[in-house]
Structures are given as C-alpha cells and as structure tokens.
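First up is the structure itself, then whatever we jot down about it.
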Number of protein chains: 2
Amino acid sequence: MAIRTAERMLGQLRDAGFKITAQRVAIVTELADDPSHPTAQELYERLRPNEAAMSFATVYNTLAALEQVHACTALALSQGPTRFDPKMDPHHHVVCDQCGKMVDLPYSESPEAAALPEGFALRSIEKIYRGVCAPCRT
Amino acid sequence: MAIRTAERMLGQLRDAGFKITAQRVAIVTELADDPSHPTAQELYERLRPNEAAMSFATVYNTLAALEQVHACTALALSQGPTRFDPKMDPHHHVVCDQCGKMVDLPYSESPEAAALPEGFALRSIEKIYRGVCAPCRT
DNA sequence: CAACCTAATTAGAATCATTCTAATTGGCAA
DNA sequence: TTGCCAATTAGAATGATTCTAATTAGGTTG
Ligand SMILES: [Mn+2]
Ligand SMILES: [Mn+2]
Ligand SMILES: [Zn+2]
Ligand SMILES: [Zn+2]
C-alpha cells in the first residue's frame, strides 16, 4: 500500500517530466502514506539518518514539485510551518490551535456528523472558499 | 460607526487592564471598520505617515492584545503573513490562492447559497474544525 | 555503454514574518 | 505630583522559506 501510493506519486512526477532521483524517491516514500501532515522539517529529520546527503532545500523543492503535479497539498491553516498532505481526495481537517497538529475528517455534507478525535475541545468551525480572485486571473 | 467600533475595542482593552496609549488608539482606529483583513505590515505602513514614531513591534503587540481580549482575530489561512479581522461575529472567508486576499462570507448553513465575489474562480471548499487537542489540554 | 545536456542537488546566504531584548518613556492610580 | 510598572522603541534574534551559484547525476542519444 505504501509502495503503491509512493509509486503512483513518482509516476505523476515522471509523467510531468520531472527526473526520478534518490532524494525524491526517499521523500515520496516517507510522505506517501503518512496521515500526520508532516512539516518539511519533520520529513528532513526523519530522512537525514538514512540518506547520506540530503539538503533541506531539496525537501522543499520536491514538495513543491509534488504539489505542481497534484500529488500532494501544502496546508497553511494556522501559524507555524506549512504541513504537507498526500491524501488528495477532498476532506476536512481538525486543527489544534496550540500545537498545530492536524487530523483528517471525512468530507460529508452533514454539519455535525463529524467524529472529532477523543478529547478534542472544539472552539469553532470555519469554512474556506479557495480559488483565484478576478484581478489575479489576468 | 468607525468611532463606535473603535471605542468598543478600546473599552475591551481597558476593561482587561491594558493601558490606552496613542499608538493603540491609532492602530485600533485604523483596524476597527476595515473589512480588508489587513496584515501587520499594511497597518504599519498606513499609520507611519501620521504617527510620528510607531514601532513595527508595537503593531504586533497591540494586535496580540486585541486578540487576547477578543476584539480581533488573527487569520492564518494560507501562505503569506497573518491577516487581522476586527469582525467578531462568526462568518466564513473567500481566500485567493494567488494574492492571499480575503473576503467575508455570511455564516449560513446552506452549502452553495454563498454569493462569491464577481469573477472569483472557486477551486475548493474546506471546513476546518479548530480547538485544542487532548495532549495539549494538560 | 560512453558522452552530453540539462535538470536536480548542495551549502550557505538572503529574504520574509515574527518575536525577543534591554533601555527608555509614559499611563494612570494613589 | 509622584512613582510604579506596563508599553514603546530600535535593533537583534529566531524561524520558515526561497534564492544562488557551483557541482552532480538522470536519462537520452549515438
Ligand atoms: Mn489531510
Ligand atoms: Mn472576516
Ligand atoms: Zn495540540
Ligand atoms: Zn488574488
């Protein structure tokens, strides 16, 4: 499963003309089935022990490439570093104000059917309509 | 109207024991009825010509104080600097991926009744459940 | 299986957003 | 009016991200 997801993501990179490098394989494999929405820093620290040389810039570059080919999403939903999400089907998020951790919630139209994590103290529900504004579409 | 909102916000600061300074009056007056969700930088640049001395740190400090007394909200919904919102009743936001600009949307339960700004190209609708997670509540 | 072209990687500097620091100023309660 | 202590200030420090310029290495071609 981890392998299948990683292979699919690498395929998306390849199909878009990106080269498959050892660093990209490592990063994609690390991210592929991780539901924790890791930061670039976290991925870097997990990979550093194994991969001999791995630049921090490469982590950012690879994540940007993955975003371009729609193999992952960058989530900036609160202060703190951007988090990266390999889950590409539409879904919602539970976000902790304190530590920034994020948990997936199924996409459903029923307002309060959502099963929040055990012990989570809900403060607000926010809807964000994302896209590109008229002036930016020139 | 602008005066009434500003006075209310200053009252909230005063009631919480914060001192009313010339800088705080200026910042609050600038933010009070601004629907544009300005950044700290934008507020600073608007105020600088008038206020003789106004430190950038003071803008951040004052915005943090306003947040503490629930007179404004800090919104970090995409990359780029945090935006500040003096509108404290629950509402949603339309966010441009490109420039980060934000527009208010009325809080309504009907999913697609929302009147998006003219020419806005909608890409996704996202729901965020905000609060504090169990480990963070110790 | 070379050789080449060019994209990708690298370390470190640069930039941007935000917070901290330590010295000075000034609200406001007594 | 005085004095305490919070607020302000400029600038340094920090954290996140992007840029730069030199080196390395995919992968295509001969
Ligand atoms: Mn997710
Ligand atoms: Mn708003
Ligand atoms: Zn938490
Ligand atoms: Zn825009």
Side-chain angles (χ1 to χ4, degrees), chain A residues 9-28 30 37-45 47-48 50-69 71-84 97 99-100, chain B residues 9-28 30 37-45 47-48 50-69 71-84 97-100 102:
Chain A
M9 293 169 76
L10 289 169
Q12 289 174 267
L13 283 179
R14 191 171 6 237
D15 293 351
F18 287 99
K19 290 179 179 172
I20 304 308
T21 66
Q23 293 88 341
R24 285 178 176 169
V25 172
I27 293 164
V28 163
E30 190 63 38
H37 308 88
T39 65
Q41 182 80 60
E42 283 164 0
L43 290 171
Y44 178 61
E45 272 159 19
L47 292 168
R48 186 146 51 160
N50 305 325
E51 298 305 305
M54 162 74 82
S55 167
F56 195 51
T58 295
V59 178
Y60 271 104
N61 289 340
T62 297
L63 291 167
L66 288 170
E67 227 192 325
Q68 264 186 62
V69 303
C72 87
T73 308
L75 297 172
L77 299 184
S78 54
Q79 338 70 219
T82 299
R83 290 168 173 276
F84 294 89
D97 288 335
C99 66
Chain B
M9 292 169 76
L10 289 168
Q12 290 174 265
L13 283 179
R14 191 170 7 239
D15 293 351
F18 286 98
K19 292 181 178 171
I20 304 307
T21 66
Q23 292 88 340
R24 285 178 175 169
V25 172
I27 292 164
V28 163
E30 189 64 37
H37 308 86
T39 64
Q41 181 81 58
E42 282 164 0
L43 290 170
Y44 178 61
E45 272 159 19
L47 293 168
R48 184 148 51 162
N50 307 324
E51 298 305 305
M54 163 74 82
S55 167
F56 195 52
T58 296
V59 178
Y60 271 105
N61 288 341
T62 297
L63 290 167
L66 289 170
E67 227 194 325
Q68 265 186 62
V69 303
C72 88
T73 309
L75 297 172
L77 299 184
S78 54
Q79 340 69 219
T82 299
R83 291 168 172 277
F84 294 89
D97 287 335
Q98 221 93 66
C99 66
M102 255 176 225

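This structure is a prediction, so every number in the text was calculated from the model and none was measured.
The backbone N or O of A/Lys19 lies less than 3.5 Å from a partner atom in the side chain of A/Arg24, making a donor-acceptor pair. Between the side chain of B/Arg83 and the main chain of B/Gly100, a donor-acceptor pair closer than 3.5 Å is present. Listed for the A/Glu30 side chain is no donor-acceptor partner under 3.5 Å among the backbone atoms of A/Leu43.
Side-chain atoms of B/Lys19 lie closest to C/dC28 of the nucleotides C/dC28, C/dT9, D/dT18. Of the listed nucleotides (D/dT17, C/dT10, C/dT18), D/dT17 has the atom at the smallest distance from the side chain of A/Thr82. The side chain of A/Thr21 sits closest to C/dA8 out of C/dA8, D/dA10, C/dT18. Closest contact between the side chain of A/Ile20 and the listed nucleotides C/dA11, D/dG27, D/dT8 involves D/dG27. Comparing atom distances between the A/Ala57 side chain and each of D/dT8, C/dA11, C/dT18 picks out C/dA11 as nearest.
The shortest distance between side-chain heavy atoms of B/Asp15 and B/Val69 does not fall below 4.5 Å. Side-chain contact between A/Thr62 and A/Gln23: absent, with no pair of heavy atoms (C-beta onward) separated by less than 4.5 Å. Counting heavy atoms from C-beta on, the side chains of A/Ile27 and A/Met54 come closer than 4.5 Å.
With the nearest nucleotide of DNA chain C identified for both B/Asn61 and B/Pro81, B/Pro81 has the one nearer the 5' end. Looking at which nucleotide of DNA chain C each of B/Arg14 and B/Tyr60 is closest to, the 5′-most match is held by B/Tyr60.
Here D/dG26 presents its C1' atom at 14 Å from CG of A/Leu13, a figure rounded to the nearest Å. Per the geometry, CZ belonging to A/Phe18 stands 15 Å off C1' belonging to C/dT9, to the nearest Å. In this structure, the CD atom of A/Gln68 is 13 Å from the P atom of C/dA7, given to the nearest Å. In this entry the distance linking OH of A/Tyr44 with P of C/dT9 reads 14 Å, nearest Å.
In the helix from C/dC1-D/dG30 to C/dA30-D/dT1, the terminal helix axes, each the rotation mapping four pairs' C1' atoms onto the next four within five end pairs, subtend 30°, rounded to 10°.
In this structure, A/Arg24 reaches the C/dT9 phosphate: one of its side-chain N or O atoms is under 4.0 Å from OP1 or OP2. Between A/Ser55 and C/dT9 there is no side-chain polar atom (N or O) within less than 4.0 angstrom of OP1 or OP2.
Across all strands shown, B/Thr39 has no heavy atoms under 4.0 Å from either base or sugar-phosphate atoms.
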